[in-house]
Protein chains: 2
Amino acid sequence: MEEISEKQLSILKVAERLFADQGFHGTSVRDIAQEADVNIAMISYYFGSKDKLLESIVKYRMKASQKFIQDLLVDDTMKPLDKIYAMIDRFINKMMGEQNFQCIMSREQLNSEKSPVRDLIWELKREMLGLMQPIVTDAQEAGIFHKDIDVVMLMTSLFGTIHQIIPAQKLLRNDPEFSDLDEATFKENLKQRLSIHLKKLFKAILTHEF
Amino acid sequence: MEEISEKQLSILKVAERLFADQGFHGTSVRDIAQEADVNIAMISYYFGSKDKLLESIVKYRMKASQKFIQDLLVDDTMKPLDKIYAMIDRFINKMMGEQNFQCIMSREQLNSEKSPVRDLIWELKREMLGLMQPIVTDAQEAGIFHKDIDVVMLMTSLFGTIHQIIPAQKLLRNDPEFSDLDEATFKENLKQRLSIHLKKLFKAILTHEF
DNA sequence: AGCAAAGTTAAACAAACGTTTAATTTAAAC
DNA sequence: GTTTAAATTAAACGTTTGTTTAACTTTGCT
């Protein structure tokens, strides 16, 4: 991976925001150049093409995501459920902290044509699943978790719920219930609510009888 | 609402599929015209513009969705949890039966710019919530459901899980576990799995103590 | 048959697109 | 100070975009 200068990074950030707001095809390189305050030609000069620019964004965020995943399970002294609670919280923080990127992921995973970006997304999801599965299996064998658990569906609900909350934010923001809160506390509020909800959800499915 | 001829409908269907697969901006009117086997000018002639075409798709599906919602709660003899179970199953069937449209919804709700389409989507979600809320509240007062329930989050998980499963299908399809199944039974299999998972999830959160 | 409206077509439209060019400026190295 | 490479620019490139035009065909009605 090549070095990324400060100027390249600012282009990446602007492009990420615009791709998230208007979609890849809905954003022109001229839009990006203008908002990033650089000449149009610089985008091809630095990244090769508009497609490569998107790839660069994904690779940039993905590199951090994979490090995130690796660091997710260092503490082996925790009880299985606490491990998962910790994962959920760190997950919420991660995804809510890079909402623009998550928007791009949401959009890109819908594309039918096979793209390098889509493949990277699913590689990441598989890694997450590979991390969660052994925790569940171990706890099942220890008799702590319920026998009959669909881990794939559980992870789908985790991803899906957070991915749904991101666009819903703009709408909830208009509710009188939150209108007097400032942006930061509103966001923190929502993260708290997400955390409580998802932990309940996981605990119920993992440990309760039905 | 105007009448829709068979030719117009075939354009709508083709456009729906292409918008779902490649996104709105990723699909050209020439693509649509070619696949629908009509002249390019017919799209403007019938629908006015590309934007209006998308609106027509959304309005067409939305009309059915609102009728769907109205018919959702006729049987008042059921117990609250059974009502919700019935809702979940009908929901899964509805959404998995119009996956292309759901893809469009997923994409469109991410747009930052205020669009008539995005507003329609949220109107629909609010209606769903308005339908679920009284069932929960009534059952809470009757002591059947737990006191502390975040209905918004619960609905978010419902929508989110299904919306996540739709793009995941293409990936799961490649798993050796399902490779020998034909398309229809695979889909039915997945719907079954979704149903079991979501019912567990709802039952746990609605009725269990924590 | 004759006429008006609706349907259909190929061609053309200007605008916007992503990308490239060639010239110029800046920076670094010797 | 000269040289060499990198950075930056305005302009132009050829496509593709959504939409419109104007001519033509079909349809339905009296």
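Just so we're on the same page: letters track the sequence lines, and every chain starts at 1.
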* Structure fact -> Given protein heavy atoms under 4.0 Å, the one-letter contact record of nucleotides 11-25 of chain C, with B base, S sugar-phosphate only and - none, is simply -B----BBBB-----
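Distance A:Phe47 CZ to D:dA7 P: 12 Å, rounded to the nearest Å. Counting to the nearest Å, the P atom of D:dT16 and the CD1 atom of B:Ile32 are 17 Å from each other. Atom P of nucleotide D:dT19 and atom CE of B:Met42 are separated by 15 Å, given to the nearest angstrom. When rounded to the nearest whole Å, the span between CD of B:Glu6 and P of C:dG7 equals 14 Å.
For A:Ser157, the side-chain hydrogen bond (donor to acceptor under 3.5 Å, both in side chains) criterion is met by B:Thr161, B:His197, not counting sequence neighbours.
Between the side chain of A:Asn111 and the backbone N or O of A:Glu113, no donor-acceptor pair lies under 3.5 Å.
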* **Working for salt bridge (charged side-chain N to carboxylate O under 4.0 Å, His left out), residues A:Arg17 and A:Glu35** => CA-CA 10 Å; A:Arg17 196 186 73 239; A:Glu35 289 231 13; 2.3 Å; yes
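Ring pair A:Phe91/A:Phe159: centre-to-centre distance below 6.0 Å.
Cation-pi geometry between B:Lys94 and B:Phe68 is met: under 6.0 angstrom from the ring centre, within 45 degrees of the axis.
Within 4.0 Å of A:Tyr46, counting heavy atoms only, lie sugar-phosphate atoms of the nucleic acid but no base atom.
Identified under the ring-ring contact (aromatic ring centres under 6.0 Å, His included) test for residues 19-46 of chain A, with sequence neighbours left out: A:Phe19-A:Phe24.
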